[in-house]
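Count residues from 1 along the sequence.
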Amino acid sequence: MTAHTSGSQSPTTGSAETPWQRMAAGGGLLDASGQLRSTVFEEMTALAQRTGAVNLGQGFPDFPAPERMVDAASEALAAGHNQYAPIKGIPALRTAIAEHQRHFYAQELDTESQIIVSAGATEGLTASLLSFLEPGDEVVVFEPHYDLYGAVVRFAGATAVPVPLLPPAFTPDPDDVRAAFSPRTRAVILNDPHNPTGTVASREFLTQLVELAAEFDAVIVTDEVYEHLRFNGQHIPIATLPGAFERTLTVSSAGKTFSATGWRVGWVSGPEHLIRGVTAVKSYMSHSAAAPLQHAVAEAVGFPPEFYEHLLDNYRARRDVLINGLREAGLNPPEPQGTFFAVTDVSDLYPLAGVSNARELGEHWAENAGVVGIPVSAFVGEANRDLYTDWLRLAFCKRTDVLRKAMADLTLSL
């Protein structure tokens, strides 16, 4: 059998780089020698388990999902919704999503042609990007960012063009944004509200992206899984800006909003000509998200406005516990505008811990303070990594008593 030899060379064998190696490299899963390594999330979770530290690294809640949604899942199982769901998603969920978009954003969507349900936002984002990217394309991404973006872009044979979100405000230089676009730009990926920095995009920034996408005929893929975790003002889906909808794929999910990250029910909305491609790709990935969970999520998406207000109030209280605790420890974190993550420059604490960067401090905290965080540099490629070596990300999607104890233990350890 003759080996396939086109494309770049594998860092491990000298032969052609395989698709899985492209994906692993794009997601930061290959070390300097080309060997597969664990994600930083797995490493820090293992560290928390070994030391007994509170895991503020991974973003999963330690409190239950809404009781009514869980009951709806049980009812769906008992009612026999245990076979394949339609590829597009069950009609009740697509209707609930359309009504949600109408209520919150005055956006009108056709349930048959402009919405598709996916196995989590991960599949929605992956199917979206793979539906139109080709080798040689360029994709504008904003660093730091979720590692999936780079993994899928590289897997498709495209090239990620990073634009740094400049600390401490974590906003991009408009000139850098403009310079990232070229005749080869096929897409731009936006995450708003933003993981890991907790920032939200300004209308000026969103408007610039729409104008540049139109100028270069690029698709906008927007990850809005934290849409209901914006602490000041209403979330603005970029698809609702003038001229944006016909070139935008909007991805969201139930996991973050309804404290059920393991359910893996997400969705993509957009114009019919783009959703067709997402549907084709997604059909050969999961086929369909779990049928009984779709029924339960349909119920949850239709919760009254009071649910979302209560959710935000609870997360605002958790945010304040974390931010106040970090300040009492002598740090000066920017207040998160959205998501359930906060970032902080920890360089002032290096001398006390005898370390030289945020990753080392995170490991020191796990061993000595009972708290685990994630270095922001783990979300960044080599070109911009130096901008973030002093920043640590902490999740506040935990019970307030857990957060209070973690912050008290941190202060006592200093």
**OP:** Answer yes or no: is there a side-chain heavy-atom contact under 4.5 Å between L326 and L410?
**Re:** yes
**OP:** State the OG-CD1 distance between S283 and I87, to the nearest 0.5 angstrom.
**Re:** 3.5 Å
Subject >> Residues S269 and Q101: side-chain donor-acceptor under 3.5 angstrom >> reply: no
Let me check something: any side-chain donor-acceptor pairs from residues 254-263 under 3.5 Å, sequence neighbours excluded? List them with distances.
none

Original post:
Can you name the one residue among N191, T248, I189, V188 that meets side chain to side chain contact (heavy atoms under 4.5 Å, CB included) with T222?
Top reply: T248
**OP:** Please list all pairs passing the salt bridge (Lys or Arg N to Asp or Glu O under 4.0 Å) test where one or both residues lie in residues 236-251, with sequence neighbours left out.
**Re:** D217-R247
Original post:
Is it true that E215 and R178 have a side-chain N and a carboxylate O under 4.0 angstrom from each other?
Top reply: yes
Original post:
When the ring planes of H100 and F104 are compared, do they come out parallel, tilted or perpendicular, using 30° and 60° as the limits?
Top reply: tilted
**OP:** Answer yes or no: is there an ion pair linking D62 with K398, defined by an N-O contact shorter than 4.0 Å?
**Re:** no
**OP:** Identify, with sequence neighbours excluded, every residue that meets side chain to side chain donor-acceptor pair (under 3.5 Å) alongside Y350.
**Re:** D390
Original post:
Hey, does H194 have a side-chain heavy atom less than 4.5 Å from the side chain of Y146?
Top reply: no
**OP:** Could you grab the distance from atom CG of N195 to atom CZ of F340, nearest 0.5 Å is fine?
**Re:** 8.0 Å
Subject >> Ion pair K405/D409, N-O distance below 4.0 Å >> reply: yes
Subject >> Any P333 side-chain heavy atom under 4.5 Å of R327 side chain >> reply: yes
Original post:
Can you check whether V161 reaches V163 side chain to side chain, under 4.5 Å on heavy atoms?
Top reply: no
**OP:** Kindly indicate whether the side chain of Q208, heavy atoms from C-beta on, has any atom under 4.5 Å from the side chain of P174.
**Re:** yes
Give every donor-acceptor pair under 3.5 Å between a side-chain atom in residues 119-127 and any protein atom, sequence neighbours left out.
| from | atom 1 | to | atom 2 | distance (Å) |
| --- | --- | --- | --- | --- |
| T122 | OG1 | R264 | NH2 | 3.1 |
| E123 | OE1 | A119 | N | 2.6 |
| E123 | OE1 | S286 | OG | 3.0 |
| E123 | OE2 | S286 | N | 2.9 |
| E123 | OE2 | S286 | OG | 2.7 |
| T126 | OG1 | T122 | O | 2.8 |

Original post:
Sequence neighbours excluded, which residues qualify as side chain to side chain donor-acceptor pair (under 3.5 Å) partners of D386?
Top reply: none
**OP:** Assess whether side chain to side chain contact (heavy atoms under 4.5 Å, CB included) is satisfied between L392 and W365, documenting all intermediate values.
**Re:** CA-CA 11 Å; L392 200 67; W365 278 4; 3.5 Å; yes
Subject >> Salt-bridge present (R102, E99; N to O < 4.0 Å) >> reply: no
Original post:
Do V376 and T389 touch side chain to side chain, with heavy atoms closer than 4.5 Å?
Top reply: no
Subject >> Sub-4.5 Å side-chain heavy-atom contact between L249 and F132 >> reply: yes
Original post:
Ion pair present between R230 and E224, side-chain N to carboxylate O less than 4.0 angstrom?
Top reply: no
**OP:** If the plane angle is over 60° it's perpendicular, under 30° parallel, otherwise tilted; pick one for H295 and H81.
**Re:** parallel
**OP:** Report the distance from atom OG of S128 to atom NZ of K282, rounding to the nearest 0.5 Å.
**Re:** 11.5 Å
Subject >> With H364 via ring-ring contact (aromatic ring centres under 6.0 Å, His included) - residues at least two apart >> reply: none
